[in-house]
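Read through the structure below, which is laid out as structure tokens, and then see the notes.
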Protein chains: 2
Amino acid sequence: MIEDTDRLRAEARAEILKALAHPTRVYIVDLIQREGPYCVCQLTERIGADTSTVSRHLTVLKSAGILKDRKEGTTVYYSLGCDCINDFMTGLESLLRARHLRDTRRFDAVIQR
Amino acid sequence: MIEDTDRLRAEARAEILKALAHPTRVYIVDLIQREGPYCVCQLTERIGADTSTVSRHLTVLKSAGILKDRKEGTTVYYSLGCDCINDFMTGLESLLRARHLRDTRRFDAVIQR
DNA sequence: TGCATTATTGGTCATTTAACCAATTACGCC
DNA sequence: GGCGTAATTGGTTAAATGACCAATAATGCA
């Protein structure tokens with residue numbers, strides 16, 4: 001059986017990962033990372049989903065500490081919760097590249113025979 | 001609307017993240033990362049779930065390229081799919097630390113008043 | 001005050017996920 | 001061949017997720 005400390009540790013990590021594990025949420029984080037803070041209506045327009053849907057995605061990201069918000073009148077701006085998001089996404093990128101490389105090699109191997 | 005390239009990019013990233021977004025799967029990856037390859041029955045014993053459940057988790061991780069497997073008789077050993085997993089998990093760790101720091105500060109702020 | 005805009009929350013419903021048990025496959029050994 | 005062990009796959013069910021519409025704040029302005 002898993003020890004309590006290990007279990008809690010795994011749950012904490014999974015919680016963060018779950019918050020990011022959706023195409024729309026990855027897109028939002030990527031966008032804000034590259035271009036700075038965005039408000040809900042701007043994101044809604046970009047994404048092309050219902051405002052409520054986007055708002056809920058943002059709530060998920062905020063709860064996980066990945067984004068933070070700042071009110072300005074009636075609009076709410078979302079920005080990165082911390083700089084370490086950048087490193088994290090870089091790590092994800094290299095994981096993706098490694099996977100792509102492996103797939104390509106496997107594809108080549110199939111072709112060659 | 002999101003451009004096709006951006007959408008596909010977000011989906012590919014989310015796919016990787018989804019594969020890791022479960023406490024048991026995070027635990028498995030962490031364990032293998034620290035102690036090397038494990039077979040299904042060893043993992044099953046450690047985790048305390050049904051063999052089929054563990055096997056399915058491993059399939060998810062393998063499909064995402066996070067783990068790879070190697071057969072040896074009737075047992076199947078799972079190991080890391082690539083070294084970059086280490087960097088990725090390090091990034092996740094610092095994200096978690098940042099979050100914890102922020103939570104702690106907020107808690108302190110509440111206590112102090 | 002009345003109205004428009006921005007965002008969040010309640011409600012519903014379809015899809016996905018993940019658990020278990022049971023059945024099957026694959027291999028090694030007697 | 002028959003048996004035991006290891007792992008995967010089929011089937012079912014409960015829970016979680018995510019989408020939309022509708023309703024409700026909350027704010028700014030005429």
Side-chain angles (χ1 to χ4, degrees), chain A residues 1-2 7 10-29 31-32 36-79 81, chain B residues 1-2 7 10-29 31-32 36-79 81:
Chain A
M1 297 299 161
I2 306 180
R7 195 174 47 75
E11 278 170 9
R13 290 175 164 211
E15 202 191 336
I16 301 269
L17 291 164
K18 246 189 280 187
L20 271 165
H22 189 286
T24 301
R25 295 200 286 269
V26 175
Y27 178 77
I28 289 171
V29 172
L31 190 64
I32 291 178
Y38 263 80
C39 70
V40 183
C41 63
Q42 287 173 320
L43 288 169
T44 298
E45 198 180 353
R46 279 263 196 160
I47 291 163
D50 197 89
T51 315
S52 64
T53 302
V54 175
S55 176
R56 286 220 157 92
H57 280 308
L58 290 165
T59 302
V60 171
L61 290 168
K62 188 186 156 192
S63 302
I66 295 161
L67 296 183
K68 64 185 176 196
D69 62 347
R70 178 175 57 83
K71 270 190 188 135
E72 201 166 300
T74 61
T75 83
V76 179
Y77 288 95
Y78 282 87
S79 53
Chain B
M1 296 298 162
I2 305 178
R7 195 173 46 75
E11 277 170 10
R13 291 175 163 209
E15 201 190 338
I16 302 268
L17 290 164
K18 247 191 279 189
L20 271 165
H22 189 286
T24 301
R25 295 200 286 269
V26 175
Y27 178 78
I28 290 172
V29 172
L31 190 64
I32 291 179
Y38 264 81
C39 71
V40 184
C41 63
Q42 288 172 319
L43 288 169
T44 298
E45 199 180 350
R46 279 263 195 157
I47 291 163
D50 197 89
T51 315
S52 63
T53 301
V54 175
S55 176
R56 288 220 156 93
H57 280 308
L58 290 165
T59 302
V60 170
L61 288 168
K62 188 185 156 196
S63 302
I66 295 161
L67 296 183
K68 63 185 175 195
D69 63 346
R70 178 176 57 83
K71 272 190 186 135
E72 201 166 301
T74 60
T75 82
V76 179
Y77 289 94
Y78 283 87
S79 53

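On a predicted model such as this, the values are computed, not experimentally measured, just so you know. First the proteins, then the strands, lettered A, B, ... as listed; each starts at 1.
Of the side-chain N and O atoms in A:H57, one or more sit less than 4.0 angstrom from OP1 or OP2 of D:dA19.
When rounded to the nearest whole Å, the span between NE2 of B:H22 and P of D:dA15 equals 15 Å. What separates CG of B:D50 from P of D:dT12 is a distance of 17 Å, to the nearest Å. Atom P of nucleotide D:dA7 and atom CD of B:E45 are separated by 12 Å, given to the nearest angstrom. One atom, CD of B:E72, and another, P of D:dA6, lie 14 Å apart when rounded to the nearest Å. Across the protein-nucleic acid pair, B:Y38 atom OH and D:dA7 atom C1' stand 18 Å apart, rounded to whole Å. Between A:L61 atom CG and D:dT17 atom P the separation is 14 Å, expressed in whole Å. Atoms NZ (A:K71) and P (D:dA26) sit 8 Å apart, rounded to a whole Å. At whole-Å resolution of the value, CG in A:L20 and P in D:dG18 are 12 Å apart.
Screening B:V29, B:I28, B:L58, B:V60 against B:I66 for a side-chain contact (heavy atoms from CB on, under 4.5 Å) leaves a single residue, B:V29. Screening A:L67, A:V26, A:D69 against A:L61 for a side-chain contact (heavy atoms from CB on, under 4.5 Å) leaves a single residue, A:L67. For the side-chain contact (heavy atoms from CB on, under 4.5 Å) with B:H57, the qualifying choice from B:T53, B:V54, B:T59 is B:T53, the only one to do so.
Nearest heavy atoms, B:R7 versus B:I2: N-CG2, 3.7 Å. Taking every heavy atom of both residues into account, A:P23 and B:A14 meet most closely at N-CB, 3.4 Å. Across A:A19 and A:R25, no two heavy atoms sit closer than the pair O-NE, 2.5 Å. Taking every heavy atom of both residues into account, A:I32 and A:Y78 meet most closely at CD1-O, 3.5 Å. A:T75 and A:C39 make their closest contact through CB-CB, 4.5 Å (heavy atoms, listed as atom of the first residue, atom of the second, distance).
Within 4.0 Å of A:Y78, counting heavy atoms only, lie sugar-phosphate atoms of the nucleic acid but no base atom. B:T59 comes within contact range of no nucleotide atom at all, as no heavy-atom separation falls under 4.0 Å. Residue-level contact check: B:T53 touches the bases, meaning some heavy atom is under 4.0 Å from a base atom. Nucleic acid contact class of A:T51 (heavy atoms, under 4.0 Å, all strands): base.
The environment of CD in A:E11 is crowded: more than 12 heavy-atom neighbours from other residues, nucleotides or ligands sit within 6.0 Å.
Comparing B:G48 and B:T74 along DNA chain C, the residue whose closest nucleotide (by nearest heavy atom) sits nearer the 5' end is B:G48. Between A:A49 and B:Q42, it is B:Q42 whose nearest contact on DNA chain D lies nearer the 5' terminus.
A distance of 11.0 Å separates CD of B:Q42 from CD1 of B:I47, quoted to the nearest 0.5 Å.
With a heavy-atom cut-off of 4.0 Å to chain A, the contacted part of DNA chain C has its first and last nucleotide at C:dT6 to C:dG11.
Residue A:R25 has its side chain nearest to D:dG18 when only D:dA26, D:dA7, D:dG18 are considered.
The stretch residues 62-69 of chain A does not touch DNA chain C, since none of its heavy atoms comes less than 4.0 Å from the strand.
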